[in-house]
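Mind looking over this structure? Questions follow.
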Amino acid sequence: MSLQFNNEQMTEFNRLVAHYPEGKQKSALLPVLHLAQDNFGGWLPTEAMDYVASLLKIEPIEVYEVATFYSMYNLKPVGKFVFEVCKTGPCMVSGSDNIIAYIQKQLDIQPGETTKDGMFTLKLVECLGACGYAPMMQVGKIYREHLTKEKVDAIIAEYRMQVVAQN
Amino acid sequence: MGVKLLLEKANVPGIRTYDVYRREGGYVAAEKALKEMSIESIVEEVKKSGLRGRGGAGFPAGMKWSFIAKPEGVPRHLVCNADESEPGTFKDRYLMEFLPHLLLEGLLISSFALGSNDTYIYIRGEYAWVADILEEAIIEATKNGWLGKNILGTGFDCMVHVHRGAGAYICGEETALIESLEGKRGNPRIKPPFPAIQGLWMRPTVVNNVETLAAIVPIIKMGGEEYAKIGVGRSTGTKLISACGNINKPGVYEIDMTISVEDFIYSDEYCGGIANGKKLKACIPGGSSVPILPANLLLKTAKGETRYMNYESLSDGGFATGSMMGSGGFIVLDEDQCIVKNTLTLARFYRHESCGQCSPCREGTGWMEKILQKIELGKGETSDIDLLWDIQRKIEGNTICPLGDAAAWPVAAAIRHFRDEFEWHIQNRELSQTSNFGLQHYADPIHVPA
């Protein structure tokens, strides 16, 4: 199977590259990797990184070194929903440790792991800029804030419902 | 109480949209700047205002602008630093999420003053929905003639581009940000040369924080001199403080920098006091990188004078007995918080975020984290405290960028002010696993207002 952008994604790719001066298309690398990751199942296999390199006319190593540096890029498969829970100072002070432990218990996974049904991945991340609304996590584009054990249960149920509704 | 220069209209329904923003007086300052003012006079107003960089370093913005080189035929760039990743800080997010056009107006005026035809907003990757809000606002502004070619018939072209990062605290440092904008790993560059001479793609570049650029709008509207009348000393204008931790009302507050720290924590207008009836133990007033202060040194300086929420007062006493305004990320810890655990959590953050270029930072952050973990888990030795002190001392000042210092300062401050808490962990291995050190070590009672 070969990973490639479809027409819609190529249009977005061209829009991203157009932000930068002629010959500086390498600047689009970070946004393009987001585009690739979002559309290739939430992670970046080597094949995807090589593809991005060819599109931007740079060497694969230039993509590998960026993909391994920035924490938002997943280099291993992830579940449908990635729970990125903040564990930094201000969240810790507001009780994030308890929430993390609770999520681990409810989903029966360790940080970095994915549930057996492929639904949820738990990823511990650093400060997300929501310290006043702690404890919290990011799922996809949105921040789920003011977490309590009840809220966590409700969120897990909500995503399960979403998948059921889609099928 | 207190003038609101930035957040005045934040609660007006629909203020995020161009139509409402324009109706409420938006883009009036931009029109004034582009049509009635010269570039020199705009820079002069910013200098007169005394505006200091609101990202954390507090460097005078007007002075930074005046450094930009203007070689013939070389494009210049303004870059907006929206990488906000300093733990405790979430004020830029608030500004961009609710007042995107305020930022755009500030960017337009600043781009005009600096001669930047292509201005970039480097926004942290995690603020994905905020990037969407900014893109929408840019489309609206362009449609209404405020961005694009020949703006207001002045002959000035300007496009604002949103560029998303992908998760790296270090990219908040201006040279690492530039490297990241060029599509590379966020490794800071050695300065000099400064970005004003050789920045983005080696072109003259000015990097400013979101709040700094938003403040340009009220400065142009009211004039630099009027802006400088608000506040005190070299802390002019207003500051956004993002308050969090164990307080009743966490959130973003715009303050006049003449209020006292005590007022800020206990008044209902701001933090509303410590939550759950607990007592104040400590506070990190400016984002995790600045020294933590115990309650008795937070509310009053070492000389016994009231401490105020401004640059000079928060720095009173240097690092021996003071702290810094920093980014304005105000983190409050109550009596149940463990200072050792807090320091460990922050050390882990810096170790994770170190780019790895400089040996003292790359090795030192990991080493400090391991030692703090030992102490926190009840396996520490007395010599560990002095070892920690030694490591942080060897990182500070020996790195290309300030992340090394930022990693060292919290450890230094924790040991300096809470050494007995560390010793208690080491001497009471089992007890420290189940109990709290609390407020034991204060010789003077902590002042709680009546």
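First the proteins, then the strands, lettered A, B, ... as listed; each starts at 1.
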For this session: Give the member of G245(B), G165(B), A166(B) that has the highest number of heavy-atom pairs under 4.5 Å with chain A.
Result: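 Of the options given, most contacts go to A166(B).
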Exercise. Side chain of Y120(B), backbone of H19(A): donor and acceptor closer than 3.5 Å?
Worked result: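 The answer is yes, because a donor-acceptor pair under 3.5 Å joins these two groups.
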For this session: Nearest 0.5 Å please: distance from the OG1 atom of T345(B) over to the CG atom of D97(A).
Result: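 The OG1 atom of T345(B) sits 7.0 Å away from the CG atom of D97(A).
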Exercise. Does a side-chain heavy-atom distance below 4.5 Å link K26(A) with E182(B)?
Worked result: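 With C-beta onward as the side chain, the pair stays apart.
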For this session: Could you check which of Q337(B), E86(B), H352(B), M159(B) has the highest count of heavy-atom pairs closer than 4.5 Å to chain A?
Result: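 Greatest number of close heavy-atom pairs with chain A: Q337(B).
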Problem set entry | chain A contact via R124(B) - side chain, backbone, both or neither, heavy atoms under 4.5 Å |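 Side chain of R124(B) only, per the 4.5 Å heavy-atom cut-off to chain A.
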Problem set entry | Option in T68(A), L56(A), V66(A) with maximal non-hydrogen atom pairs under 4.5 Å from chain B |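 Among the listed options, the one with the most contacts to chain B is V66(A).
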For this session: For atom CD of E8(A), decide whether the heavy atoms of other residues, nucleotides or ligands shown that lie under 6.0 angstrom number more than 12.
Result: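 No - once you tally the heavy atoms of other residues, nucleotides and ligands closer than 6.0 Å, there are 12 at most.
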Exercise. Using non-hydrogen atoms only, which part of T89(B) is less than 4.5 Å away from chain A: side chain, backbone, both, or neither?
Worked result: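 Contact with chain A is through the backbone of T89(B) alone.
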Exercise. When only pairs under 4.5 Å are counted, which of P250(B), C244(B), C171(B) shares the most heavy-atom pairs with chain A?
Worked result: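 Option with the greatest count: C244(B).
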For this session: Take atom CG of D117(A) as the centre, draw a 6.0 Å sphere, and report whether it contains more than 12 heavy atoms from other residues, nucleotides or ligands.
Result: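 Enclosed.
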For this session: Return the set of residues passing ring-ring contact (aromatic ring centres under 6.0 Å, His included) with F5(A) (not counting sequence neighbours), or none when no residue passes.
Result: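 Once residues adjacent in sequence are excluded, the partners of F5(A) under the ring-ring contact (aromatic ring centres under 6.0 Å, His included) criterion are F40(A), Y51(A).
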Exercise. Which one, V93(A), L16(A), L33(A), I58(A), leads in non-hydrogen pairs under 4.5 Å with chain B?
Worked result: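 Maximum pair count with chain B is reached by V93(A).
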For this session: Sort R93(B) into side chain, backbone, both or neither according to what part of it lies under 4.5 angstrom from a heavy atom of chain A.
Result: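 Contact with chain A is through the side chain of R93(B) alone.
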Exercise. How about Y20(A) and H161(B): are their ring centroids closer than 6.0 Å?
Worked result: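 Not close enough - the centres of the two rings lie 6.0 Å or further apart.
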Problem set entry | Heavy-atom pair count under 4.5 Å with chain B, highest-scoring of G89(A), G129(A), C91(A) |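 The option with the most such pairs is G129(A).
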Exercise. Around atom CD of Q433(B), are there more than 12 heavy atoms of other residues, nucleotides or ligands at under 6.0 Å?
Worked result: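 Atom CD in Q433(B) is crowded, with more than 12 foreign heavy atoms closer than 6.0 Å.
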For this session: Quick one: pull up OG1 in T88(A) and OH in Y350(B) and give me the separation to the nearest 0.5 Å.
Result: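 Nearest 0.5 Å value for the OG1-OH distance: 10.0 Å.
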Exercise. Looking at S71(A), G132(A), S27(A), G95(A), which makes the most heavy-atom pairs under 4.5 Å with chain B?
Worked result: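 If we count pairs closer than 4.5 Å to chain B, S27(A) comes out on top.
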Exercise. Between G356(B), G329(B), G125(B), A168(B), which shows the greatest number of heavy-atom pairs under 4.5 Å with chain A?
Worked result: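 Winner by heavy-atom pair count: G125(B).
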Exercise. For V130(B), is it the side chain, the backbone, both or neither that has a heavy atom under 4.5 Å from a heavy atom of chain A?
Worked result: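 Neither the backbone nor the side chain of V130(B) comes within 4.5 Å of chain A.
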Problem set entry | Q138(A), part contacting chain B, at a heavy-atom distance under 4.5 Å |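 Side chain only.
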Exercise. Given that the side chain runs from C-beta out, which part of K341(B) has a heavy atom under 4.5 Å from chain A: side chain, backbone, both or neither?
Worked result: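 For K341(B), the contact with chain A is made by backbone and side chain together.
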For this session: Tell me, out of C355(B), A131(B), G167(B), who's got the most heavy-atom pairs with chain A below 4.5 Å.
Result: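 Result: the option with the highest number of such pairs is G167(B).
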Problem set entry | Partners meeting ring-ring contact (aromatic ring centres under 6.0 Å, His included) with F264(B) (sequence neighbours left out) |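 Residues passing ring-ring contact (aromatic ring centres under 6.0 Å, His included) with F264(B): Y253(B), Y270(B), F330(B).
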Exercise. What are the residues of residues 100-111 of chain A, in order of number, with any heavy atom under 4.5 angstrom from a heavy atom of chain B?
Worked result: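 The list, in residue order, is empty: none.
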Exercise. How close do R203(B) and K24(A) get, heavy atom to heavy atom, and via which atoms?
Worked result: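 Minimum heavy-atom separation between R203(B) and K24(A): NH2-CE, 4.3 Å.
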Exercise. With only heavy atoms counted, which part of S180(B) is less than 4.5 Å from chain A, the side chain, the backbone, both or neither?
Worked result: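 Interface part for S180(B): both.
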For this session: Considering only NZ, NE, NH1 and NH2 on the basic side and carboxylate oxygens on the acidic side, decide whether E62(A) and R185(B) come within less than 4.0 Å.
Result: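 Salt bridge absent between E62(A) and R185(B).
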Sequence neighbours left out, cut at 3.5 Å: what donor-acceptor pairs do the side chains of residues 79-87 of chain A make with other protein atoms?
residue	atom	partner	partner atom	Å
E84(A)	OE2	K123(A)	NZ	3.3
K87(A)	NZ	E126(A)	OE2	2.7

Problem set entry | chain A contact via I170(B) - which portion, at a heavy-atom distance below 4.5 Å |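 Just the side chain, heavy atoms under 4.5 Å.
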Problem set entry | Interchain contact, D132(B) with chain A, by part (heavy-atom threshold 4.5 Å) |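 Contact with chain A involves the side chain of D132(B) alone.
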Problem set entry | Closest non-hydrogen atom pair, C127(A) against S85(B) |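 What the structure gives for the nearest pair is CB-O, 4.0 Å.
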Problem set entry | Separation between CZ of R348(B) and CE of M92(A), rounded to the nearest 0.5 Å |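 Going from CZ on R348(B) over to CE on M92(A), the span is 8.5 Å.
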Exercise. Given the options P90(A), S94(A), A134(A), which has more heavy-atom pairs under 4.5 Å with chain B than any of the others?
Worked result: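 Of the candidates given, the most pairs with chain B belong to P90(A).
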For this session: Determine the minimum heavy-atom distance between Y127(B) and L128(A), stating which atoms define it.
Result: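 Closest pair (atom of Y127(B), atom of L128(A), distance): CE2-O, 3.4 Å.
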Exercise. Given the options E84(B), K184(B), K91(B), which has more heavy-atom pairs under 4.5 Å with chain A than any of the others?
Worked result: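 If we count pairs closer than 4.5 Å to chain A, K184(B) comes out on top.
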Exercise. Which answer fits L346(B), side chain, backbone, both or neither, if we ask what part of it has an atom under 4.5 Å from a heavy atom of chain A?
Worked result: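 When you check distances to chain A, only side chain atoms of L346(B) fall under 4.5 Å.
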Problem set entry | Approximate separation, where rounding is to 0.5 Å, of L30(A) CG and R164(B) CZ |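 So the CG of L30(A) and the CZ of R164(B) are separated by 9.5 Å.
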